[in-house]
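From a predicted model like this one, the values you see are computed outputs, not experimental measurements. Below, chains carry the letters A, B, ... as their sequence lines are ordered, and counting in each starts from 1.
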Number of protein chains: 2
Amino acid sequence: MADVARRAGVSMATASRALSNHPHVAAETRRRVLAAAEQLSYVISPEASRLAGGTTGRVAVVVPHLSRWFFATLLDGLESVLREADLDVLLYHVGDADDRRDFFHRLPARRKVDAVVVLGMPVADGERERLESMGVHIVAAGGQVENYPYVSIDDGEAGRQAVDHLLLLKHRRIGMIAAVDPTEPGWPANPGRSRAYHEALAAAGLPADPGLVVTVPWGGLSGADAMARLLSLREPPTAVYAHSDEVAFGAIHTLRRAGLRIPGDMSVVGIDDHPMAELADLTTVAQPVREQGTAAGRLLLSLLSGAETGGGLTVPTRLVVRGSTAPPRR
Amino acid sequence: MADVARRAGVSMATASRALSNHPHVAAETRRRVLAAAEQLSYVISPEASRLAGGTTGRVAVVVPHLSRWFFATLLDGLESVLREADLDVLLYHVGDADDRRDFFHRLPARRKVDAVVVLGMPVADGERERLESMGVHIVAAGGQVENYPYVSIDDGEAGRQAVDHLLLLKHRRIGMIAAVDPTEPGWPANPGRSRAYHEALAAAGLPADPGLVVTVPWGGLSGADAMARLLSLREPPTAVYAHSDEVAFGAIHTLRRAGLRIPGDMSVVGIDDHPMAELADLTTVAQPVREQGTAAGRLLLSLLSGAETGGGLTVPTRLVVRGSTAPPRR
DNA sequence: ACCCCGACTGGAAACGTTTCCGATCACGCA
DNA sequence: TGCGTGATCGGAAACGTTTCCAGTCGGGGT
């Protein structure tokens with residue numbers, strides 16, 4: 001930068017001000033500095049800038065399952081608005097319990113970022129403490145973290161939409177395939193989505209039959225297993241509500257293999273509106289995933305600019321009826 | 001750090017050496033310094049460290065399609081080995097042509113990283129120039145970039161495995177659904193995978209029928225369209241080779257909807273071994289995606305530690321036969 | 001007993017910005 | 001004409017490390 005200043009015939013102080021768009025710099029001076037910088041193809045050193053300035057211009061994004069569509073899409077949305085704002089994204093993938101422990105213990109992002117975004121995972125109390133010890137802004141998206149400014153869907157509402165749809169079709173024996181995160185043994189299956197099932201059945205005056213609920217680790221293969229278990233019941237359901245589309249895909253696979261017709265012999269509904277759902281002709285409750293990412297990004301931006309953005313933002317879900325649901329066979 | 005040094009009763013120079021594991025520090029001294037650091041829960045300032053040291057400890061990862069399984073999985077693998085090595089991952093998603101132009105023009109990663117990893121995308125000549133002007137190491141993974149140390153599969157070999165499988169089943173009319181990247185209009189469909197098709201047919205003494213090749217933008221829906229087009233031929237193929245599993249899923253959807261049986265009426269083979277392929281019972285050529293990411297990471301690590309790692313690494317693919325292929329109906 | 005050497009440590013100069021604090025200067029107003 | 005005022009700019013002190021360059025000190029070889 002000294003070179004630039006010299007070439008523009010100003011002091012470093014002025015050069016710095018001109019380059020970072022400070023007020024109180026004469027237009028002509030600024031022009032000269034910018035021209036000089038251009039000619040020397042000068043690029044500011046972020047390290048030095050941050051050292052002197054205080055902020056890092058970076059945001060840590062913590063994500064538990066990078067290769068799953070939901071998380072990757074969330075990240076996609078988030079990254080796009082952060083990039084727009086010239087913030088860099090530091091990616092931390094905490095795949096399994098070990099990674100997770102390590103991340104919260106060592107806090108590799110400490111001192112490296114201005115904020116942390118937690119994508120689609122609950123944060124335990126001890127973890128929250130560690131996170132807060134970093135002294136930066138924290139935002140959550142796509143999960144059920146109420147302790148921070150967050151963006152998320154209403155899982156209860158989503159589940160209700162799915163189950164009510166089946167009830168409206170006059171199904172009376174409805175199974176649920178609940179999915180737990182395989183890498184976090186401690187956590188229960190998505191509580192909102194489970195509760196919605198029980199509440200909707202109760203509201204319809206239907207008896208609760210624990211045998212109709214199967215809980216499996218998340219994933220397509222598990223969904224297939226779960227469906228097999230439901231089929232082996234003395235009196236199988238006529239419809240199945242899966243916690244997510246991927247799980248539903250597994251269920252469909254089992255049904256096909258068993259020679260059952262969808263929706264003739266069994267209706268299936270999922271949650272997510274995974275891109276593959278359209279191809280699988282799956283009725284599902286759509287949630288705007290990418291938008292949750294962008295909304296979280298904007299939330300973070302306003303936080304960084306000093307706003308006192310309090311609570312969270314709940315985005316709407318909507319039922320998408322396709323060919324996998326129909327009234328039960330008489 | 002001054003505090004730590006004082007508390008340990010040493011100079012800052014020594015404290016720095018102790019903390020960064022330099023040789024020539026007495027064991028006892030190091031112990032004292034580390035203890036002091038621990039007590040003060042001291043965390044080094046990366047900015048200052050980088051400023052003085054020269055390296056950044058960061059790696060830029062450029063990826064064109066974050067939410068697609070293939071890229072996300074590649075990234076997953078890469079991130080895991082970089083994290084292991086205590087390198088931070090700076091994520092740059094260049095979704096469309098605009099993003100791309102912007103990235104290579106502004107080079108937002110300049111001066112911020114020690115290396116760049118390009119995931120699954122070809123790099124044009126002009127872009128290569130810009131990239132190299134950053135003066136850092138460059139590694140490619142999952143794509144067909146020969147100009148840099150890379151990790152990738154042999155697309156020709158993969159295509160050959162797929163088409164040969166169909167030929168071995170005695171198919172004589174084999175269609176191909178070629179996929180082009182929708183965000184990069186200039187680039188052709190994967191050349192290796194296309195060439196393999198033509199070569200395999202020629203080797204089997206079959207005539208080339210341009211009508212049997214349909215080129216569509218990448219994606220499931222496009223795959224469905226492409227299949228519809230193939231079905232509308234006067235003499236449709238008895239088997240289809242799709243450039244990727246996702247495209248094959250679309251094709252399957254169309255076939256189902258048309259009431260055709262798989263593999264009875266039509267065999268389908270893809271490339272990738274997408275997690276959903278197992279559920280869709282799709283015969284495919286599996287490629288080790290995550291491993292390509294980790295291999296690229298290790299390649300980069302060795303480069304950063306000064307090795308003269310020349311060319312690239314080609315990882316093997318293997319045919320996975322499932323239920324979507326069978327001999328043609330007589 | 002003397003010298004050389006290597007292990008260890010300290011002082012201080014970078015590294016490249018931002019920003020505080022004055023200094024200068026032109027200008028409008030009394 | 002004298003003076004307050006605000007815009008503009010320069011000097012220099014941070015920011016928190018790493019590392020070069022000496023300097024000290026104990027010990028082994030002769």
Tell me, yes or no, whether the heavy-atom count around Glu38(B) atom CD, taken from other residues, nucleotides or ligands under 6.0 Å, exceeds 12. no
Is Glu84(A) atom CD crowded by more than 12 heavy atoms from other residues, nucleotides or ligands, each under 6.0 Å away? no
Out of dT9(C), dG16(D), dT18(D), which nucleotide sits closest to the side chain of Thr29(B)? dT9(C)
Among the candidates dC8(C), dT18(C), dG11(D), find the nucleotide nearest to the side-chain atoms of Ala26(B). dC8(C)
Salt bridge check, Lys112(B) against Asp88(A): does any charged N sit closer than 4.0 Å to a carboxylate O? yes
Does any donor atom in the side chain of His93(B) or Asp76(A) lie under 3.5 Å from an acceptor atom in the other side chain? yes
For the residue pair Tyr150(B) / Gln292(B), report whether a side-chain donor-acceptor contact shorter than 3.5 Å exists. no
Strictly by side chain to side chain donor-acceptor pair (under 3.5 Å), give each pair with a member in residues 296-307 of chain B just once, sequence neighbours left out. Ser302(B)-Thr309(B)
Does [N] have its OP1 or OP2 closer than 4.0 Å to a side-chain nitrogen or oxygen of [X]?
| X | N | result |
| --- | --- | --- |
| Ser11(A) | dG10(D) | yes |
| Ser49(A) | dG16(C) | no |
| Arg111(B) | dT17(C) | yes |

Do Arg68(B) and Trp69(A) meet the cation-pi criteria used here (NZ or CZ under 6.0 Å from the six-membered ring centre, within 45° of the axis)? no
Take the protein atom CD of Glu47(A) and the nucleotide atom P of dT18(C), then report the distance between them rounded to whole Å. 13 Å
Give the minimum heavy-atom separation between Leu91(B) and Leu75(A), together with the two atoms involved. CD2-CD2, 3.8 Å
Closest heavy-atom pair, Ala60(B) versus Ala109(B), reported as atoms and distance to 0.1 Å, is CB-CB, 4.0 Å
Give me, pair by pair, the N or O atoms of the protein and of nucleotides 19-26 of chain D that are less than 3.5 Å apart, along with how far apart they are.
from, atom 1, to, atom 2, distance (Å)
dT19(D), OP2, His22(B), NE2, 3.4

Would you mind telling me which residue lines up with the more 5' stretch of DNA chain C, Arg50(A) or Val10(B), judged by nearest nucleotide? Val10(B)
Judged by nearest nucleotide, the residue sitting upstream toward the 5' end of DNA chain C, Ala48(B) or Gly9(B), is Gly9(B)
Overall bend - the helix from dA1(C)-dT30(D) to dA30(C)-dT1(D), comparing terminal axes fitted on five pairs, nearest 10 degrees: 40°
Find which nucleotide of DNA chain D each of Pro23(A) and Met1(B) is nearest to by heavy atoms, and output the residue with the more 5' nucleotide. Pro23(A)
